[in-house]
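Following: one structure in structure tokens, then a few remarks.
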Amino acid sequence: MALAIGNWSALSALPGMDDAEFARWADLLERRTGVVVPPARKPFLVTAVRGRMRETGHSRFDDYYRDLHKVPEGAIEWTTLVDRLTVHETHFFRHPPSFDLIASEWLPRLMQSGSEGALHAWSVGCSTGEEAYTLAMVLDRHIGMLSDARVYFGVTATDVSQPALAVGRSGLYPRNKFNEIPADYRERYVDEIDADSFQVREALRKRVGFAQFNLLDVARAPLKRLDLIFCQNVLIYFARDRRRELLTALAGLLKPGGMLVLGAGEVTSFAHPALSRVPHRQALAFLRNR
Ligand SMILES: C[S@@+](CC[C@H](N)C(=O)[O-])C[C@H]1O[C@@H](n2cnc3c(N)ncnc32)[C@H](O)[C@@H]1O
């Protein structure tokens with residue numbers, strides 16, 4: 001969608017968004033991604049849509065909405081808009097108790113029970129990759145400590161946002177994130193590039209594969225028999241019923257003994273016949289029964 005030169009005066013006075021218009025955009029986002037924008041977050045949605053309209057030379061919501069539905073240009077524009085409409089905040093080692101659970105309880109038990117020699121984890125809604133790299137660091141470090149045998153592991157990191165995935169693939173992060181990584185992990189897994197940035201080492205980057213995937217398509221996920229599914233700070237943006245549906249589908253992708261880790265407090269009263277809640281005071285996790 002090229003910017004229409006000469007449209008600037010119309011663009012500088014983009015219309016306000018009334019409630020019906022807001023409902024239409026919020027509905028589009030929910031249908032396509034599951035993300036619910038409550039009325040209190042209307043300013044966030046309006047800023048994102050209007051910002052993108054300005055960049056593409058649209059002065060009317062109707063025209064932009066129609067162009068978004070054109071095939072195939074609309075699909076390309078959607079990949080940019082969806083990035084603006086979703087929240088990408090993330091950190092390395094964001095919820096330490098969840099990683100402690102993996103390192104000190106789940107992984108030792110899995111290795112003791114005789115792992116099949118390969119371990120596959122999925123970071124669902126990985127944003128710019130910090131969660132996926134944290135998983136890779138924790139798995140690499142602790143597999144090495146627990147076993148002399150070569151146990152291969154890989155992490156699949158998925159998100160709807162292409163720009164976020166591009167950052168993840170580069171493994172390049174701004175300096176202000178450096179201290180999110182504990183010193184002993186920093187020494188092993190990242191290199192300082194310059195005063196402003198650092199990068200995850202290639203050996204670890206090779207263990208993490210990034211791909212665009214919409215969680216709403218989980219029934220068609222090309223992943224199965226996973227050891228670990230990590231899904232934090234994604235479902236909180238979804239409607240309650242949808243969360244349950246998606247969790248049920250995620251449970252079906254776990255191997256016996258596999259673990260589903262959610263954000264603490266993100267889901268209440270979820271139960272599944274094949275899953276047992278892991279007794280842990282700070283982490284919210286479920287084990288797939290053998
Ligand atoms: C707040 S970030 C959470 C990142 C990371 N999981 C963490 O806890 O730090 C939420 C991510 O979910 C992604 N997301 C939202 N809806 C999605 C969907 N339907 N499918 C896949 N990813 C989605 C967003 O693009 C965003 O990057």
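Count residues from 1 along the sequence. Order of listing sets the numbers, starting from 1, for every ligand and every atom in it.
Ring centroids of Phe22 and Phe44 are separated by 6.0 Å or more, keeping the two rings apart. Taking the six-membered ring wherever Trp is involved, the centroid distance between the rings of Phe92 and Tyr173 falls below 6.0 Å. For His69 and Tyr65, the ring centers are positioned less than 6.0 Å apart. Centroid-to-centroid, the aromatic rings of Phe99 and Trp106 stay 6.0 Å apart or farther.
A donor and an acceptor atom, one from each side chain of His88 and Asp159, are nowhere located under 3.5 Å apart. Ser123 and Glu131 share a donor-acceptor pair across their side chains, judged by distance under 3.5 Å alone. Side chains of Thr56 and Glu77: a donor-acceptor N/O pair is absent below 3.5 angstrom, by distance only. Between the side chains of Asp194 and Ser197, at least one donor N or O lies within less than 3.5 Å of an accepting N or O. Using a 3.5 Å distance cut-off with no hydrogens or angles, the side chains of Thr156 and His120 do pair a donor with an acceptor.
Taking every heavy atom of Ser127 and a limit of under 4.0 angstrom, the matching atoms of ligand 1 come to 4 (C), 27 (O). Ligand 1 places these atoms under 4.0 Å from at least one heavy atom of Asn214: 18 (C), 19 (N), 20 (N). Each of the atoms 3 (C), 4 (C), 5 (C), 6 (N), 11 (C), 12 (O), 22 (N) of ligand 1 lies under 4.0 Å from some heavy atom of Gly125. Ligand-side atoms of ligand 1 in range of Asn233: 1 (C), 2 (S), 3 (C), 7 (C), 8 (O), 10 (C), range being under 4.0 angstrom from any heavy atom. Of all atoms in ligand 1, listed by their number and element, those nearer than 4.0 Å to a heavy atom of Thr86 are 24 (C), 25 (O). Short contacts between ligand 1 and Thr90, defined as distances under 4.0 Å to a heavy atom of the residue, involve ligand atoms 4 (C), 5 (C), 7 (C), 9 (O). Listed by atom number, the atoms of ligand 1 under 4.0 Å from Val35 heavy atoms are 15 (C), 16 (N).
The single protein non-hydrogen atom nearest to atom 2 (S) of ligand 1 is Val87 O, 3.3 Å, given as residue, atom name and distance. In terms of protein heavy atoms, atom 21 (C) of ligand 1 is closest to Phe213 O, 3.3 Å. Closest to atom 7 (C) of ligand 1, if we only count protein heavy atoms, is Arg94 NH1, 3.2 Å.
In Phe238, the part holding a heavy atom less than 4.0 Å from any atom of ligand 1 is the side chain. If you look at Glu89 next to ligand 1, the close heavy atoms, those under 4.0 Å, all belong to the backbone. Residue Leu215 touches ligand 1 through backbone and side chain together, judged by heavy-atom distances below 4.0 Å.
Distances between N or O atoms of Tyr237 and those of ligand 1 include no value under 3.5 Å.
Comparing heavy-atom distances from atom 27 (O) of ligand 1 across Thr134, Val160, Asp83, Asp159 singles out Asp159 as nearest.
With Phe198 as the aromatic partner, Arg175 does not meet the cation-pi criteria of under 6.0 angstrom to the ring centre and within 45 degrees of the ring axis.
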